[in-house]
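Everything numeric in this text was worked out from a predicted model, so none of it was measured.
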Amino acid sequence: MGGKLESTAKKSETKKTVTTEKKSSSTIKSSKKTTTTTKSTAKKPVAGIGEDGTFRAWDNAKTVAKKKVPEEKKSVIPKTSIEDSEKKLAAAKAFDPATKEAKKKVVDYDDSQVRHLDALEHIRLRSGMYIGRLGDGSNQNDGIYVLTKEVIDNSIDEFIMGFGNRIDVEIKENRVKVRDYGRGIPLGKVVECVSQINTGAKYDDEVFQFSVGMNGVGTKAVNALSSFFRVISIRDGKCVEAVFEKGKLKSNKAGNVKPGTKNGTYFEFIPDEEIFGKYSFNMEYVEKRIWNYAYLNSGLTLFLNGQEFSSQNGLLDLLTKELESETIYPIGSYKGEHLQFAFTHTNAYGENYFSFVNGQYTSDGGSHLNAFKEGFIKGVNDFFQSSYKSEDIREGITASILVKVKNPVFESQTKNKLGNTDIRQWIVAEVQSGLDNFLHKNPKVAEQLKAKIEHNEKLRVELASVKKLVKEATKKNSVGIEKLDDCRYHLSDGVKGENSMIFITEGQSASGVMTHARNADYQAIFSLRGKPENMYGKKQSDIYKNDELHQLMMALGIEDSVENLRYSKIVIATDADNDGFHIRNLVLTFFLGYFEELVTSGRICILETPLFRVRNKKENIYCYSEAERDAAQKKLGKSSETSRFKGLGEINPTEFKQFIAPDTIRLTPVEISQLKIIPQLLAFYMGKNTPERRKFIEQNLLSNAEIDA
C-alpha cells in the first residue's frame, strides 16, 4: 500500500512500488532539463518523448531568453599550473590523521590478540538497541538485512587487511550462508568471538586498522537473534565448528579439513521468527548491498547465489549505474589512500549523495559528508578564482564519497551517521585540492561545470523574484499557514525533534480524526483541500504560484532550502480508495519532481492504516491485508463481524490513536532503487501519454471475481 504509484483501476494490495517493480524497457534521458533554448520549428514532442527518443518532460520548465548575438566561447584557463595543483594536493593529504601515525606492522592474528571486555545486557531482550529495527523484510533497513550485513562486514574487514579477495553469499528459504577466504577466526576463540559481548580482535589496530565493526557486537547479535547459527573457522588444515540455537551453544567440535581447503570463515544462520515474526528476504535489497560492497572494494569479487559482483572503478561505477546517461558532463573522480569521491551534475533539482565510512553506507551522512560539501565548494571557487554561491554550485549535483577512519564514531549501533569532528580539516583540504587537480587535468569538464553553475545562478535569480512576489502577496492575504496544525518540537530542537512528523491528509474529515488522535508534541497535520495540482512538467517557479503547494512548502520549512526541513518524517496519509491513491500520486509527483533528495534520504513515508476490522463481543482485530482478515475471521469464528475501512474519516479518533502511536504506527518509506528511473516513472504515470496508460490499465484491470474487498 505504501510507497506505491498505483493505477487507480487496481486495488491497493496488488500495486507495484516506486522502489523497483515498475521498470521501463527503454532507456530514457533526464527529464529535468532547464537549460535556455531558442525557438525551434521541430514538431512538438508527444508525451514527453521527442522524435529522436529523447526524454523532454520538463521542456515547459525552460526559461526562454531573448535572442542574443552569440559570443565566442572562451575556454577555461586556470591561473595556476598543474604543478601548483599537485603541490596543493600533497599538502592537503598531510592533514589526514592516519598519515601522522607510523604504520604498524600487521602482527599474527592468534589467540593472544583476542580480548574480552565487560558483558552487555542480553541481546534478545533489547534487540532494537543492536540492530535498530525488526521488520518483516519489506524495508531495506529491516533487521534481517542488518544481520546479513554484520556477517559480511567481518569478511570485508579481512579483505581490507589484505586477506582473501572472494566472498560467497547464498540466501535461500531464509537461510543465509557466507564464506570468506581470509585468515579465519583463531581456533581457540571461535565460541567466544560469536557469543561473548565485546570479545574480538578489532580493538587492536595492529590486527584490524580500518574496520567497519569496532564494538565486538556484530556476530553476537546475529547469533542471539537466530533460531539456528553455525560458524566454522578453517586455519592451516584444521577447523573448529560451533552450532547455536537462539544464542545457546548446542555443539562444539574440532577436526581436520581436506587437503587444499583454503583458510577462512563460514557462517550460516536463520533469523528467528520469534523475534522477527513472518519475514522474507527481498533479494533486490540484498543485491544493492552487495553492489555497494563491490563498489567500495575494488579487487574484491562477491558471489550472491552464483551471480558475480565486482567493480574495477569503484565509486565511478556506482554513479555510472545510478545515472547512466543523465549526466551533464562525464563523471569526475578522485582516489586517495583514505579518501575517494566521484561527482557529476544532472538537470534534476536538489542534491543527492552516497556517503560511506570504512565501507559502511551512512544513509544520514555526518561529519564526513558535511566536510565533502565544504571542500567541493572551496575547490570550485579556488579553481575558477571566483566566489560562486554554494547553492549554485551544488544544485543538481550527485556525488559519492568514501573515507577510511581508524576510530569511527557513529551515532548508533546501525552506523547510519558519522560523528567524528577531527577529520573535517583533512577532508575539506583533500577534497578541495583533489577537485582542483582533477579540473586542471580535465579542462573540458571544467568548462561544462562552469556553464552549469552559471545556469543555476540565472535560475536562482529568476526564482528569487517569483518568491518575493509570492511572499508579499501571502503577507497581504493571510496570517500564518491556514491548513497546518503544528506540533511542539521540530528537527531544530535536537533530540526532542528526532521523532517529529507531519501528516499530509486529504480533507477536513481525515484531519479532524487525526487532530484528536495525535500527540501534539511531535505530530503535525497539514490538510489538503482535495486533489492538488499535477505539477508534472511545470516550471519550478509554478509551485510557488500554487497557493496550496506554497503553503505546504512553508509548513515543511523547505520554501528556501530542504536543509531547513522542520520534521524528521513527512507522512502521506490518504484514504485506501481510488481518490486516495490518486492524491498520493500527485503528492509524490510534487516531491519527486522538485525535492527529490527528501525521497532519496528516506524522509517521506506512507501511513499504513487497517483495511478491515474483525470483531466479536469480546475482541477487535484490525487487519492490514486480506490474509490478516482471513486469519482474524478464523480466530474469532463465524459469529464475528467484518467491516471494511475506506476512509480515514470513518475511523473513530479513539480507535485511530493506536494507528499513529509510536509503538504501533506502520510507516512504509518511499524508496527509489535507482535515480535514473524517476523520470521514466513520472512520465508514464503523470504525463500526457493517455493512450499508453489506458492500454496498461486495460491489460492489468482486475475482474470483479478477482477483487476481494
Side-chain angles (χ1 to χ4, degrees), residues 19-21 23 131-132 135 137-161 163-182 210-213 218-219 222 264-271 279-324 340 342 354-363 400-402 414-416 600 602 671-677:
T19 317
T20 55
E21 296 170 358
K23 297 189 175 178
I131 64 171
S138 59
N139 184 295
Q140 61 183 351
N141 295 314
D142 283 348
I144 59 175
Y145 305 114
V146 176
L147 299 189
T148 305
K149 183 192 80 69
E150 291 290 352
V151 172
I152 298 176
D153 282 351
N154 286 336
S155 301
I156 296 295
D157 289 338
E158 285 293 305
F159 170 77
I160 290 173
M161 294 306 297
F163 300 94
N165 59 3
R166 171 175 173 153
I167 300 173
D168 296 322
V169 181
E170 180 184 295
I171 301 178
K172 292 181 179 178
E173 297 179 349
N174 293 340
R175 183 182 294 267
V176 182
K177 300 176 182 179
V178 179
R179 166 71 154 105
D180 68 40
Y181 300 88
F210 293 100
S211 174
V212 176
T219 53
V222 181
T265 308
Y266 171 86
F267 287 98
E268 181 180 344
F269 67 92
I270 303 173
Y279 65 86
S280 61
F281 282 90
N282 183 327
M283 294 308 295
E284 224 168 82
Y285 293 157
V286 179
E287 286 180 13
K288 188 171 184 178
R289 288 178 179 268
I290 298 296
W291 268 123
N292 282 345
Y293 284 123
Y295 294 140
L296 302 175
N297 299 279
S298 296
L300 173 66
T301 301
L302 301 100
F303 289 87
L304 173 62
N305 292 344
Q307 180 183 350
E308 182 177 339
F309 296 76
S310 62
S311 170
Q312 298 303 315
N313 301 309
L315 298 181
L316 182 62
D317 288 342
L318 187 157
L319 289 195
T320 300
K321 185 176 180 183
E322 281 288 332
L323 300 173
E324 285 191 347
Q340 300 176 37
F354 304 89
S355 62
F356 304 87
V357 177
N358 295 359
Q360 166 66 37
Y361 175 52
T362 45
S363 57
S400 55
I401 174 176
L402 165 66
T414 50
K415 309 178 183 75
N416 290 327
T600 57
E671 296 171 336
I672 301 295
S673 61
Q674 290 178 328
L675 296 177
K676 64 186 178 185
I677 72 168

Worked check of side-chain contact (heavy atoms from CB on, under 4.5 Å) between Phe163 and Asp180
CA-CA 9 Å; Phe163 300 94; Asp180 68 40; over 6 Å; no

Exercise: identify the closest heavy-atom pair between Glu308 and Phe303
CB-CE2, 3.7 Å

Interatomic distance, CE@Met283 vs CD@Gln307, rounded to 0.5 Å, equals 9.0 Å

List the steps and the verdict of side-chain contact (heavy atoms from CB on, under 4.5 Å) for Tyr361 and Arg289.
CA-CA 9 Å; Tyr361 175 52; Arg289 288 178 179 268; over 6 Å; no

Starting at CD of Glu158, measure out to CG of Asn165 and round the result to the nearest 0.5 Å.
12.5 Å

Interatomic spacing from CZ in Arg179 to CZ in Arg166 - rounded to 0.5 Å
9.5 Å

Over 60° means perpendicular and under 30° means parallel, so classify the ring planes of Phe281 and Tyr145, tilted if in between.
perpendicular

Could you walk me through whether Val357 and Leu402 pass side-chain contact (heavy atoms from CB on, under 4.5 Å), step by step?
CA-CA 6 Å; Val357 177; Leu402 165 66; over 6 Å; no

Atom of Ile144, atom of Gly137 and distance for their closest heavy-atom approach
CD1-CA, 3.7 Å

If I take atom CZ from residue Phe354 and atom CG from residue Leu296, how far apart are they, to the nearest 0.5 angstrom?
11.5 Å

Which residues pass the ring pair (Phe, Tyr, Trp, His ring centres under 6.0 Å) test with Tyr295, not counting sequence neighbours?
Trp291

Keeping Tyr279 on the side-chain end and Asp142 on the backbone end, is there a donor-acceptor pair under 3.5 Å?
no

Please tell me if the side chains of Leu318 and Asn292 come closer than 4.5 Å, counting only heavy atoms from C-beta onward.
yes

Applying the side-chain contact (heavy atoms from CB on, under 4.5 Å) criterion to Val176, which one of Val151, Ile171, Val222, Leu147 satisfies it?
Ile171

Shortest non-hydrogen contact between Phe309 and Ile290, atoms and distance:
CG-CG2, 3.5 Å

Pairwise distance CD1(Ile160) to CG(Asp153) - rounded to 0.5 angstrom
8.5 Å

Where do Leu302 and Leu304 land on the side-chain contact (heavy atoms from CB on, under 4.5 Å) test, with the steps shown first?
CA-CA 7 Å; Leu302 301 100; Leu304 173 62; over 6 Å; no

Can you tell if the side chain of Asn154 reaches within under 4.5 Å of the side chain of Thr265, non-hydrogen atoms only?
no

Hey, is the main chain of Thr362 close enough, under 3.5 Å, to the side chain of Ser355 for a donor-acceptor pair?
yes

Heavy-atom closest contact (Asn305 atom, Glu170 atom, distance):
OD1-CA, 3.2 Å

Supply the atom-to-atom distance Ile152 CD1 to Ile167 CD1, rounded to the nearest 0.5 angstrom.
7.0 Å

Modelled atom types, side-chain donor and acceptor of Thr301 and Ser310, under 3.5 Å
no

Quiz question: by atom type and distance under 3.5 Å, do the side chains of Tyr285 and Asn141 form a donor-acceptor pair?
no

Shortest non-hydrogen contact between Gly314 and Ser298, atoms and distance:
N-OG, 3.7 Å

Show the nearest heavy-atom pair for residues Leu319 and Ser400, with the distance to one decimal.
CG-OG, 3.9 Å

